[in-house]
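Computed from a prediction, not measured in an experiment: that's the story for all the values here. Below, chain A is the first sequence line, B the second, and so on; all start at residue 1.
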Amino acid sequence: MRRSVRAFVLLLLLVTATTACGEGSVEDAAPAAGEAAPVDLSAFDGTVRIGAALSETGKFAVEGRDSRQGYNTWVRWVNEEYGGIRIGEGRYGAEIVYYDDESDADTAANLIQRLIDEDRVDFLLGPYSSGLTTGTSAIAEANNVIMVEGNGTSDTMFERGFRNLFLVATVASDYTKSAVEALAARGVRTAVIAHEDTTFPTSVAEGARRHLEANGIEVLAIEKYPKDIQDVSAIMTKFRNLGPDVFLGGGHYNDAVLFVNAADELGFEPDAMLITVGPSNPRLVEQLDDDVEGVLGPTQWEATMAYEGDWFGSAADYAAYYRRLWGEPPVYQAASATASALALHLAIEAAGSTDTDAVRQALRALRADTFYGPIAFDERGVNTAKPMGTIQVQDGEILVVAPDAAAVAALVYPRG
Amino acid sequence: MSRAAPGAGAVARRWPAGRAVGVGALIVLVVLAVLPLLGGTSNATLLTLTLMLTSIGVAINWNLTGGFTGYVDFGHAVWFGIGAYATAILISLQSNGPQVGWPPVPAILVGALVAGFLAAIIGRATMRLKGPYFSIAMLGTFVALREIVRVWSPLTGGGVGLTLPPYLNRMLFYYVELALVAALVVGTWWLRRTRFGAALMAIREDEVGAETRGIDTTLLKTAVFSFAGLSTGLFGALWAYQNTFVDPDIAFVEVRTIDAVMGTMLGGLGTVAGPVLGAAALYWVRELLWTHLLDAHLLAQGVLLIVIVLFVPRGLVGLVDRRGTSLFELWGWKGWRLEGRRLHRGPAAGGEAEAAS
Amino acid sequence: MSYFAQALINGIALGGMYTILVLGFSIIWGVMGVINLAHGEFVMVGAYLAWMASDFWDVDPFVSAPAVFAVMLLFGYLVQRVLVNRIIDRPALVSLLVMFGISIILQSVMKVTFSADFRLANTDLDGAWRLTDRLTVPVTRFWVLVVAVGVTAGLNLFLGRSRLGKSIRAAAQNREAARIVGVDIRKVYAVTFALCIGLTGVAGALISPLLAVQPFQGPPLTLKAFAITAMAGLGSVRGALGGAMVLGLVEAMLALYVDRIGTNLAVVASFVLLVAALVLRPQGIFKGLRHVDATST
Amino acid sequence: MTALLEARGVVKRFGGLTAVDGVDISVGAGEMVGLIGPNGSGKTTLFDCLSRVLDIDGGLIEFDGTDIGRHRPHDVARLGMSRTFQLIRVYRDLSVAENMHLSIQWGSLGVPQLFARTDAAARRRADELLDFLLLGRLRHERAGNLSGGQRRLLEIGMSLMSEPRLVLLDEATSGVNPTLAADIADRLRAVNSERQVAFLLVEHNVQFVADLCERVVVLDQGAVLAEGTPGEVTQDPAVIEAYFGDPGDDTAGDDRVGNSPAGAGDGTAP
């Protein structure tokens, strides 16, 4: 009999655990600790509540932190400098509710649902990465909540006909556009492409192929490789034999290391190397020093770009403001995040309300010049007004070389 | 504790206080079933509960082979991924080409069947292996199938994956999964009392002995392995439809296997209630760790895992019923026994060593 | 022709890297029967040590490797005393899960200490030797290969000739018999584990200029070690070299001769080979230290 | 009379060692045959071959006219040949009755019966057999709590549950006290005469074999050394040589590693 009592107690514990899990943890789940100082919103006529699930932990922890700082930059600015969002006659304070999605798709979905249902946010800002954005944007769509984002750029998610998803950044397939155009102008004839076989790099590579062919450059080969690769010698050997003018490659930071090293080891010396992720990261330049000289890379945004707007001022002004808040210069993921929030802000003001339909229409109609570049969404919800920038490592410095409007240095071709 | 008829089956002895547990389980089920109807239960809560039910379901399935049959599968999540992918392929045909995509119900069912079918083929080959070799072969199968899905891009969308039309009725999925988990619990409870269940346990205890006594061990263990694959495939198929998006790296996640193993161990290996209690508790503990420890949550999980394995080998159920299966009765454990809290080597008091090698 | 020759060089270079990566894993499994699921994490820790030496004191990984060996030897000994000692002879599931616990603890500790940022050590032994215009030998990998072959030969000698080595072999083949003839099993296991973790640390040091160092780099390396060991035979030193070379060459050839998806296929190949090797020939291709009969209870 | 079990030229090798070297053996329906031989002579290995636990490297095994050389063990069991093990294989955590229920005639079960609980008929049969084997009052005892001899009886009971026509008994008396051994002999004789079950007995205890069997086969170094009535065989000089040339040292390379702890105490000499 004692045994049955114990068994019963155990089951009661389970009930408690289950319900605690379902109900209690919503309250338990403290919002991820943001660095933003608490702002007194009582001075405003009301509050616009915005939700975001970002990766505090897991494989996107670094980018997640940058994105959060980007969003928080806007919150600080709009509440402290700008004086609140103008809606009709009133001035509304802005508040962002954050959760940590642990870089995990299930958790991200769970948290977005929670933001919509429990926290009753008016709008959503995007998570980091295409994978997480694809899953969560479907939930936003199904619940008719607008999500503006700047760090999930795969084309596939804009082919689903969603009405509530907007991207301020350049879509993945256009990552290489300005670089390819600049190279075509320098007489490049042939190219090869290698990309990691995951969502985002594949979108980039497919776009690159289109842009190359549109500019009359022949694509000699396209090679895929899996995640977590440890050796790219074979790919580079193949490419060396083809002798192309340009090599385009990329996926992740580690791939950039592998490509640069393998090219060096195999004596593969194309006139230009364009690597998707990596060259815009100062750490890579520092670690590979000479080997990375002359390598090109796409960038959404750089502080040196010649963009300016009525909000935040110029790109350089934004960078200075950001540095004041966080003690480090902004990477483009942070700028994209700030720009997403800014686009939403402008649309709310234009709509004069926080009503989803009104704001959606305002976003569609939005035409604005900002520190991040021009913003204008097409029918898919993608900002096609802003071109993708291209940087080149020159004497160990990362300089914008294309498009011409944003360039601060001339493209060096062929590289050293 | 009185027992019903003599020879009520292997199970009755191994599962304590059947009636109290049964009543308790029924109460939990009723609470979970009525909760959403009372109103005030948000979609977010439903989603949380659904995800928890998913991990409970996968743990129950893992326990079928890992706990009941003694074949510790380190690649079980592969069936989740296969179920998810098969369904996604069938449903998304409409958005990709001229063909008409399948409606969800048949797509989900066929998705599960595909997983079960593949599990039958692969299980037939890998279940010849014993102990860690089986585990490693399944781990290899997991990675190999994930990479094959990635390479087979015309069908699977390669690394880009497939998107499904969003259909997010949280209430519906919650009830479907609740019913599935309830059915699985009742099913495993019943299975343990049947000849089939007794035969599985005979395989776990002594496969050669079972075989010489006329049990077609290959057939039975492959059957239970395929069923586990099919059932986990079903959860995968439902998940794909809720997640609206699959790619190789989110459909095939090692963590799902690890959670199933850890949850089952925490609850009690080879018991009916173990995986349910364990997976629920793990889900809950993990939520706590994540919210309160952030960076250190992985560390805490690692420590927790080691502590469970070394010090609570019979799991939560074992705290109540000493006769639950201990880890030490699996694999090459023949010489080891657990008496009280301590491990002993050598024959049981007054007993004879069982056949080794 | 030079195309094939280059593929051969790439494959052998890759095989050298795999050899040094797999040795420690294979011997621990072969001698102690413990499947070290934290293997990749020990590689990662070794790589971090070499990176620190390179970044803070500007010491080349090839130079710091002996120091890394010593530090990891000590670390391995500690882990063995505190945890591994408790799981030897326990059911395989116990040791697998405990080793897995160690692996996530190491990941977590490194993540908290160093953040998830990528690091890269610097070596002076980089670049390439150009044999012809179309035929080059990667310098770093060449030296990794040299170390790998040296370590293999050394281990072979050690296991074959030295007293301690013979004890290790005896313990691997029949623990009870070894105990009867007076081998101190605990000591042998402690030495074996420490030695192998030291070796694994060296592997980490050597690949620190080749692969970016980060807390989550371990699991793919552990899987690779699995595949090679299962193919080659548990604890077989020569088998590790042979298996690593075979896998390196297969991957290099597939990647080179299949267009578009060759590199993807190479990864598929290593795991299909793993499963096939286990199902068809569980005892491995080479004769290992431990007798394996994977299909009987 | 055609033999129930007919094995010709059975060969089994382990690496370089030939454990069973061209053995011929036959057992007629309802016959009791003894199989004796010094340790390491290959008796248990031969049993493993006959019951198909081990694959054979050569020779022919027929059971009831069916070539079972490639059958799997459960098929053999379903044809009506069951066995016991030298090292007892009972499920220690189950009760005596539950152990019996695990040894039913699995081959005759349809799927619905597989998913049902043990039926009344099987329970009756188990109870009946347990009573017959003097284990009736222990039926709810945990098998692990039985004495060695009682477990032997239980294992014999399990092997009889499927109504076999031939039972291979491996060391039925090892680790059993003399009183119980006599009981076992008595029960075996009764089973044999009442149910026409044939037995092939591997035994150390030659007296036990001599009491039960009319025919004995002697194995040495994997080959048949002698065959005949117990009287003839024990007088055979070659047999005496084989036994005393290799004094009954229990640990000396029996083909099964790991000896039953109680195995050393029983009578091994002829």
### Message
Please classify the contact between V307(B) and chain C as side chain, backbone, both or neither, with a heavy-atom cut-off of under 4.5 Å.
### Response
neither
### Summary
Of I258(B), T126(B), T141(B), the largest count of non-hydrogen pairs under 4.5 angstrom with chain C goes to I258(B)
### Query
Which bit of L83(C) comes within less than 4.5 Å of chain B, counting heavy atoms only: side chain, backbone, both or neither?
side chain
### Task
Mind running side-chain contact (heavy atoms from CB on, under 4.5 Å) on L145(B) and F271(C) for me, showing each step along the way?
CA-CA 9 Å; L145(B) 282 182; F271(C) 291 101; over 6 Å; no
### Query
Do side-chain atoms of R150(B) reach the backbone of N264(C) as a donor and acceptor pair under 3.5 angstrom?
no
## Note on the structure
Interatomic distance, CD1@I104(C) vs CG@L305(B), rounded to 0.5 Å, equals 6.0 Å
### Query
Just wondering, more than 12 heavy atoms not from Y77(C) lying within 6.0 Å of its OH?
no
#### Entry: L223(C), part contacting chain B, at a heavy-atom distance under 4.5 Å
side chain
### Task
Please state whether the side chain, the backbone, both or neither of V272(C) comes within less than 4.5 Å of a heavy atom of chain B.
both
#### Entry: 4.5 Å side-chain heavy-atom contact, L139(B) and L274(C)
no
### Message
Rounded at 0.5 Å granularity, tell me how far CD in E254(B) sits from CZ in F100(C).
### Response
8.5 Å
### Task
Would you indicate whether the side-chain heavy atoms of I87(C) and L310(B) approach each other to under 4.5 Å?
yes
### Message
Using a 6.0 Å cut-off, check whether atom CZ of F117(B) has over 12 heavy atoms from anything other than its own residue.
### Response
no
### L97(C) side, atom CG; F74(B) side, atom CZ - distance, nearest 0.5 Å
5.0 Å
### Query
Would you call I105(C) and I306(B) a side-chain contact if the rule is heavy atoms closer than 4.5 Å?
yes
### Query
Within a strict 4.5 Å, meaning less than it, do heavy atoms of the V112(C) and L299(B) side chains meet?
no
